There are 2 protein chains.
Amino acid sequence: MYKISEFSELTGLSKETLRYYEQQQLLEAAFVDDSNNYRYYDDGSYFLAILLQKLRSFGCTIQEMKDVMRDESFTNLEVLLHQKKERQNMEITQKQQTIHEIEEFIRTGQEGET
Amino acid sequence: MYKISEFSELTGLSKETLRYYEQQQLLEAAFVDDSNNYRYYDDGSYFLAILLQKLRSFGCTIQEMKDVMRDESFTNLEVLLHQKKERQNMEITQKQQTIHEIEEFIRTGQEGET
DNA sequence: TTTGACTCTGTGGTGCACCCTATCCTTTAA
DNA sequence: TTAAAGGATAGGGTGCACCACAGAGTCAAA
C-alpha cells in the first residue's frame with residue numbers, strides 16, 4: 001500500500017492529478033483511512049494508473065477514459081484505441097496539407113512582398 | 001470602406017475576433033469615425049486580415065503574428081513560416097510514434113486482458 | 001419618424017486538464 | 001516532545017483564442 005506521494009512518484013501522475021482523477025471517478029484509492037482520509041493505493045491501482053497515463057498519451061480525453069473505466073470488461077478499450085489511431089492518422093494528413101499550404105504560400109507569397 | 005459586419009463576412013473573421021485583434025494591436029481598422037467609434041476597413045485591411053487568417057491556420061500564435069506585423073518589411077515572416085513547417089513535421093513524427101505505441105499496446109495488451 | 005438593424009464598450013464566460021495556495025490536521029523521525 | 005514532513009479539503013488560477021451578453025448609442029430604409 002502506497003501513500004499518495006509515493007504512488008505519485010511510482011506512476012508519474014502528480015498528486016493533484018490523482019486527486020482530480022478520483023474526483024472524476026476515474027481512479028480511486030484502493031483504501032481510504034476513515035480517521036484521516038489518507039488515500040492508499042495498491043498494485044491494482046498501479047495497473048490502472050499506468051493504463052490511464054498511456055491512454056492520455058494516446059490523446060484520449062478524461063471523458064473517454066471514464067467510458068473505458070466504467071465497463072470492467074474493457075470492451076470499449078479496443079474500439080477507443082482504434083479510434084485514436086484513426087484520429088492520429090487524420091491529424092497527420094491535415095498537417096501534411098498544412099505543410100503544402102505553407103510551401104505554396106512561401107512560393108506565391110514572394111510576389112506580394114518587396 | 002467596409003463596416004465591421006461586412007468586413008467580417010468578407011474575411012471570415014468574426015466581429016469579435018476583429019475587435020480582439022485590434023485590442024492586440026494585430027490589425028486596426030483603416031479609419032475610425034470619431035463621432036461614433038465605428039470601425040471602417042479597406043482593402044489594405046483585407047490583405048492583412050487574410051494574411052492573419054492564413055498564419056493562424058498554419059499554427060501561428062497571436063504573439064508570433066504580432067512579431068510579424070510589428071516589422072513592416074515582413075522579414076520575420078519567412079523565418080516564422082519555416083519554423084511552422086518544421087513544427088508540423090515534428091508533430092507528424094510524434095503522431096507516427098504515438099500510432100506505433102497504440103499498435104504495440106493493442107498487441108501486448110491482449111495478454112493482460114481476459 | 002419610427003423601427004429594426006447595426007455598432008460601441010466593458011465585462012465575464014468557455015473548454016480542457018490540470019496546478020497552486022491557504023489552512024488545517026496527522027504522521028513520523030530525532 | 002517537538003518540529004518537519006506529509007496528508008486533507010476547498011476554492012481559485014492557468015493558457016489560449018476567442019465568444020457571449022448587457023446596455024447604450026447610431027444608422028438607414030420605409
Side-chain angles (χ1 to χ4, degrees), chain A residues 1-42 45 48-69 80 84 87 91 98, chain B residues 1-42 45 48-69 80 84 87 91 98:
Chain A
M1 297 283 257
Y2 317 104
K3 281 195 283 192
I4 197 167
S5 271
E6 195 182 1
F7 193 64
S8 168
E9 288 179 20
L10 215 57
T11 59
L13 298 171
S14 76
K15 289 183 284 187
E16 291 78 17
T17 297
L18 287 169
R19 288 192 270 250
Y20 172 66
Y21 282 4
E22 178 183 288
Q23 192 188 349
Q24 295 299 313
Q25 297 176 310
L26 252 183
L27 173 64
E28 21 191 281
F31 165 73
V32 176
D33 187 332
D34 272 351
S35 74
N36 56 15
N37 283 350
Y38 277 27
R39 295 164 176 84
Y40 292 92
Y41 299 89
D42 64 8
S45 322
L48 294 174
I50 295 302
L51 172 61
L52 290 177
Q53 209 184 24
K54 264 186 184 297
L55 292 182
R56 287 289 296 129
S57 80
F58 293 164
C60 298
T61 66
I62 300 292
Q63 184 54 53
E64 286 166 338
M65 299 198 302
K66 278 191 204 177
D67 296 342
V68 166
M69 301 306 263
L80 183 61
K84 286 301 152 186
R87 179 159 194 83
E91 289 176 5
T98 298
Chain B
M1 298 283 257
Y2 316 105
K3 280 195 285 191
I4 196 165
S5 271
E6 195 182 1
F7 193 65
S8 167
E9 287 180 20
L10 215 56
T11 59
L13 298 170
S14 77
K15 290 181 283 185
E16 292 78 16
T17 298
L18 287 169
R19 288 191 269 252
Y20 173 66
Y21 281 6
E22 178 183 286
Q23 193 190 349
Q24 297 297 313
Q25 297 176 309
L26 252 183
L27 174 65
E28 17 190 284
F31 164 74
V32 177
D33 188 331
D34 273 352
S35 73
N36 57 16
N37 283 352
Y38 277 28
R39 295 164 176 86
Y40 292 92
Y41 299 88
D42 64 9
S45 322
L48 293 175
I50 296 301
L51 172 61
L52 291 176
Q53 209 183 26
K54 263 186 184 300
L55 293 182
R56 286 289 297 129
S57 81
F58 294 164
C60 297
T61 66
I62 299 292
Q63 184 55 53
E64 287 166 337
M65 299 198 300
K66 278 190 204 178
D67 295 343
V68 166
M69 302 305 262
L80 182 61
K84 285 304 151 182
R87 178 158 194 85
E91 289 177 5
T98 298

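Note that the structure is a prediction, hence the values are computed from the model and not measured.
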Pairing residues for [X] by the side-chain hydrogen bond (donor to acceptor under 3.5 Å, both in side chains) criterion, not counting sequence neighbours:
X	answer
B:T11	none
A:D67	A:Q63
B:T98	none
B:Y21	none

Nucleotide [N], atom [atom2] - distance to [atom1] of [X] in whole Å:
X	N	atom1	atom2	result
B:Q53	D:dA17	CD	C1'	14 Å
B:E22	D:dA17	CD	C1'	17 Å
A:I4	D:dG6	CD1	C1'	11 Å

Salt bridge (charged side-chain N to carboxylate O under 4.0 Å, His left out) filter on A:R87, not counting sequence neighbours, yields A:E91
A correct 5'-to-3' footprint of nucleotides 18-30 of chain D, with B, S and - meaning base, sugar-phosphate only and no protein heavy atom under 4.0 Å, is BS-----BBS---
Applied to residues 11-20 of chain B, the salt bridge (Lys or Arg N to Asp or Glu O under 4.0 Å) test, sequence neighbours excluded, yields none
B:F7 meets the ring-ring contact (aromatic ring centres under 6.0 Å, His included) criterion, sequence neighbours left out, with B:Y41
>> Contact between A:F31 and A:D33 at the side-chain level, heavy atoms closer than 4.5 Å - yes or no?
In response: yes
Nt span of DNA chain C in reach of chain B heavy atoms at under 4.0 Å, 5' end first, is C:dC6 to C:dT9
